[in-house]
There are 2 protein chains.
Amino acid sequence: MTRVGGQGGSPAAPRAVDVARLAGVSQKTVSRVFNAERYVSDDVRRRVLGAAEELGYRMNSAARALASGRTRSIGVVTLGTALYGPASLLIGIERAARDAGYALRVVNTLEGDRGGVAGAVESLLEQGVDGIVVSEPIDESDEGSVSLSVDVPVLVLGAPATFGGPRAVTAGVGAESLARAATEHLLDLGHVTVHHLAGPQRWFAARDRLGGWRAALSARGRLQPPVLEGDWSAASGYAAGRELASAGDVTAVFAANDDMAIGLIRALTEAGLRVPDDVSVVGFDDIPVSAYVTPPLTTMRQPFDAVAHEGLRLLVQAIEKPDAEPAPANDPPVELVVRASTAPPVARTTPARGRRSASRSNGSAHAPPAGNGPPATD
Amino acid sequence: MTRVGGQGGSPAAPRAVDVARLAGVSQKTVSRVFNAERYVSDDVRRRVLGAAEELGYRMNSAARALASGRTRSIGVVTLGTALYGPASLLIGIERAARDAGYALRVVNTLEGDRGGVAGAVESLLEQGVDGIVVSEPIDESDEGSVSLSVDVPVLVLGAPATFGGPRAVTAGVGAESLARAATEHLLDLGHVTVHHLAGPQRWFAARDRLGGWRAALSARGRLQPPVLEGDWSAASGYAAGRELASAGDVTAVFAANDDMAIGLIRALTEAGLRVPDDVSVVGFDDIPVSAYVTPPLTTMRQPFDAVAHEGLRLLVQAIEKPDAEPAPANDPPVELVVRASTAPPVARTTPARGRRSASRSNGSAHAPPAGNGPPATD
DNA sequence: CGCAGTCATGACAGCGCAGTCATACGGGAC
DNA sequence: GTCCCGTATGACTGCGCTGTCATGACTGCG
């Protein structure tokens, strides 16, 4: 384990002492410069930076972590899916973390991976992260809701803070109130009731949306049709759409995300039902294509980026000022984007041929000729 | 900096020596057990593991990294977008890395961030990763193509290996041949030529697709209509669609990704053109909703997961056996998914009213009428 | 029986930093 | 002039692990 000098392969990476020697200062002073500590004269700082540049010096973060007990990194537990929501959150988290001077370590938990979150958290702790973000966890436990208990600060996104242990923080708008607003939009249009195509109920986000839908209907004393459950995919939305189409009495559906809404609309369309003339559909998330599908989708936009930033602000505060009060989260703004997939219900006098609703904003909502061959399943 | 015993906050985390003491062995033996080294008796192993469990011992990976010179982690440079391709690759990379025993550190480069990749790589090197994955880099440099030069192994995904320096490896099917196959599918259907809606040309992936389209047309001596350039978004596809609709002589379009294809179809539909009767559209990626939009999209599926796994295999080999030959990549399979957005052209005798093409059934890879170009297994 | 080889374990040093403390210098306040 | 405090720097040490080497115990074989 001797440092090989110049010969053989690349020369050993320069260390702080090497920089110190070249700059004519002590190793400790180099450390001071690189940590932007106080009490370093401008002259010395310049010499050190110059020497570092000359040698191509890079700090060894493992050594720093060992000596300081902090890694300046944040671990993220996220689901191994390319779904728009989790992916957007991850991006927002990375950016916010970097802005705060933290590196990111990522562990995925695959759905169906029992004890996935706990295992992922364990592996992050082993890596010595200073804080942990649990993004959109799913509840795989049999014994009801689990709760992590770790010593580092935890931020939970898309689930109750208690999921992350007693001292965890959370951020984001309650999905429940958003779901409620989406449902109310349909009721306000005059629909007698609203069907719900729910997400997988092991997801907290899916439960919240279901709850919001229930709340909206209850509040107006409307009856709650049976709930369909999908898996967030357009394919599952399509399957649900076929069921709903055969049910026959459906005029409005609130889908728990846009992908399912798109599959749903496809199935309805194939069954000869027109959206929104016969059935109104509201999605959730406002994924980028939602404005361009046929018909353009009315949906609840989620402020993923704002949520990630707000959450990270809280997490970093918990890391750096453990004693300060956990400043209450500023709820980011949310927005129901009304496009062309929702309209007032049409009296079903004529079997399947309602009056066209007044043309709505941008989308000349052409109903495509029904009966295009069903798409490949999955 | 004394270790505080039990009182005040949580007790200090147990170290290997603590475990060793409890198990009645030396600290080095604990290290051996946790590294699964040879020459540890079963009895000792059990005692050590028991003691570790009892104390809740977790290895300190910073110390391990410092002592061993390896972090057992891989850094990923990826673009800060929720696009399906990059997101899917990231997931595949994480999974493959974990399977190989590596943790993942992620740095995003925002588009428009000059020198973004180089800066991101620098920050990863500082974190001491054992290898680096550069996923779908974009070329922000003014001076032509850049090339990293780092000491750790590099895997480049979605760009020429040379982008990652002289010894970098790469994996994945050449996007060029895929794009060529997509274009040929349209030509085989009988279209005289094919328009191209390209991705942003700073992306290598976008350039490759453009190149493949060019190659397909050149090979058959067809004229190359002017290229439209989008930014991968459905919105940009929509804008391009409006232009194409007004051009009037378009019968087939190859869009560089599915989102743009969806926006494109929307614009064409609004302009009164029918897809595929008047205009055929092929996308690229096969994002999950593509099968459920109207019409279901013919598209080139990309085997993201296979590419990530194959790439990581190569990277891990380069890390662990630097001398072994960089085994040539096994090109993963690719697949043109024919759905309902493509059809033979219809003679434009009557202004805008073609005969409906024979109904195409459910769409999984049907051999389309004319000599179907083989799905380019590169 | 003796010796080499394999297996099992421990002692010790050092990875490259940051923390702590000591030191030295300089400029007011008195 | 002296004291004190703010500034600037260095010496030394230790973070918790792994690498190397030394040391026994045990095996098998001539």
Side-chain angles (χ1 to χ4, degrees), chain A residues 1-5 11-49 51-52 55-73 101 125-128 130, chain B residues 1-4 11-49 51-52 55-73 125-128 130:
Chain A
M1 213 166 179
T2 24
R3 284 182 88 76
V4 280
R15 298 152 302 162
V17 281
D18 301 321
V19 175
R21 208 136 38 208
L22 183 56
V25 297
S26 72
Q27 177 267 316
K28 176 66 208 187
T29 295
V30 173
S31 165
R32 285 200 180 91
V33 169
F34 278 86
N35 287 289
E37 286 179 27
R38 292 175 2 175
Y39 305 146
V40 179
S41 67
D42 284 352
D43 173 50
V44 165
R45 186 186 318 277
R46 265 193 298 275
R47 269 167 32 223
V48 167
L49 291 176
L55 295 177
Y57 171 70
R58 254 192 303 265
M59 261 223 337
N60 178 321
S61 66
R64 190 231 280 262
L66 181 57
S68 69
R70 294 190 41 198
T71 56
R72 305 198 139 277
S73 71
L125 291 175
E126 200 156 291
Q127 290 181 58
D130 294 341
Chain B
M1 209 163 184
T2 25
R3 284 183 89 75
V4 279
R15 298 152 303 162
V17 280
D18 302 321
V19 175
R21 210 141 31 213
L22 183 56
V25 297
S26 74
Q27 181 267 321
K28 175 67 208 187
T29 295
V30 174
S31 165
R32 286 200 179 91
V33 170
F34 278 86
N35 286 289
E37 286 179 26
R38 293 175 5 176
Y39 306 145
V40 179
S41 66
D42 284 351
D43 173 50
V44 166
R45 186 187 319 277
R46 263 192 300 275
R47 271 173 22 228
V48 167
L49 291 176
L55 295 177
Y57 171 71
R58 255 192 302 265
M59 261 225 333
N60 179 321
S61 66
R64 191 231 282 264
L66 181 57
S68 69
R70 294 189 42 199
T71 56
R72 306 200 137 277
S73 72
L125 290 175
E126 200 157 291
Q127 292 180 57
D130 295 340

Report the nucleotide, chosen from dA8(C), dT7(D), dG19(C), that has the shortest atom-to-atom distance to any side-chain atom of Ser68(A).
dG19(C)

Regarding the side chain of Asn60(B), the nearest nucleotide among dG19(C), dA8(D), dG16(D) is dG16(D)

Arg64(B) CZ to dC17(C) C1': how many Å, rounded?
19 Å

Compare the minimum distances between each of dC17(D), dC15(C), dA18(C) and the side chain of Met59(A), then state the nucleotide with the smallest one.
dA18(C)

Indicate, with a heavy-atom threshold strictly under 4.0 Å, whether Val40(A) touches base, sugar-phosphate, or nothing.
sugar-phosphate

Please determine whether any donor N or O and acceptor N or O are separated by less than 3.5 Å between the side chain of Gln27(A) and the base of dA18(C).
yes

Spell out, as yes or no, whether a donor-acceptor pair under 3.5 Å connects the side chain of Arg47(A) to the backbone of Ala23(A).
yes

For the pair made of CZ in Arg72(B) and C1' in dT18(D), what is the distance, rounded to whole Å?
12 Å

Any side-chain heavy atom of Arg32(A) within less than 4.5 Å of one from Val48(A)?
no

Would you call Arg46(A) and Leu49(A) a side-chain contact if the rule is heavy atoms closer than 4.5 Å?
no

Grab the CD-P distance between Glu126(A) and dC17(D) for me, whole Å please.
10 Å

Gap between atoms CD and C1', on Glu37(B) and dC17(D) respectively (whole Å):
12 Å

Ignoring the backbone of Lys28(A), work out which of dT18(D), dC15(D), dG10(D) is nearest its side chain.
dG10(D)

Has the side chain of Arg32(A) got a donor or acceptor that lies under 3.5 Å from a partner of the other kind on the base of dG19(C)?
no

Nearest heavy-atom neighbours spanning Gly56(A) and Pro14(A):
O-CG, 3.8 Å

Nearest-nucleotide check on DNA chain C, Arg38(B) vs Ala63(B); residue mapping nearer the 5' end is Arg38(B)

Find the distance Tyr39(A):OH to dT20(C):C1' and express it as a whole number of Å.
15 Å

Value rounded to 0.5 Å, distance of CG in Asn35(A) from CZ in Arg64(A)
5.0 Å

Could you tell me whether Tyr57(A) contacts a base, only the sugar-phosphate backbone, or nothing, with contacts defined as non-hydrogen atoms closer than 4.0 Å?
sugar-phosphate

Separation of Asn35(A) atom CG from dT9(D) atom P, in whole Å?
16 Å

Side chain of Ala67(A) (C-beta onward), nearest among dG10(D), dG16(C), dC17(D)
dG16(C)

At what distance, to the nearest 0.5 angstrom, does CZ of Arg70(A) lie from OG of Ser61(A)?
13.0 Å

Can you measure Asp43(B) atom CG to dC7(C) atom P for me and round it to whole angstrom units?
18 Å

From CG of Asp42(B) across to P of dA8(C) the rounded distance in Å is 8 Å

If you check every side-chain atom of Ser26(A), which of dA11(D), dT7(D), dC17(C) has the closest atom?
dA11(D)

Watson-Crick or G-U wobble partner of dG28(D), both distances under 3.5 Å
dC3(C)

Counting just side-chain N and O atoms, does Ser41(B) come under 4.0 Å of either OP1 or OP2 of dC7(C)?
no

Which part of the nucleic acid does Val30(A) contact within heavy-atom distance under 4.0 Å: base, sugar-phosphate only, or nothing?
nothing

Both Ala65(A) and Thr29(B) contact DNA chain C. Taking the nearest nucleotide for each, which residue is further toward the 5' end?
Thr29(B)

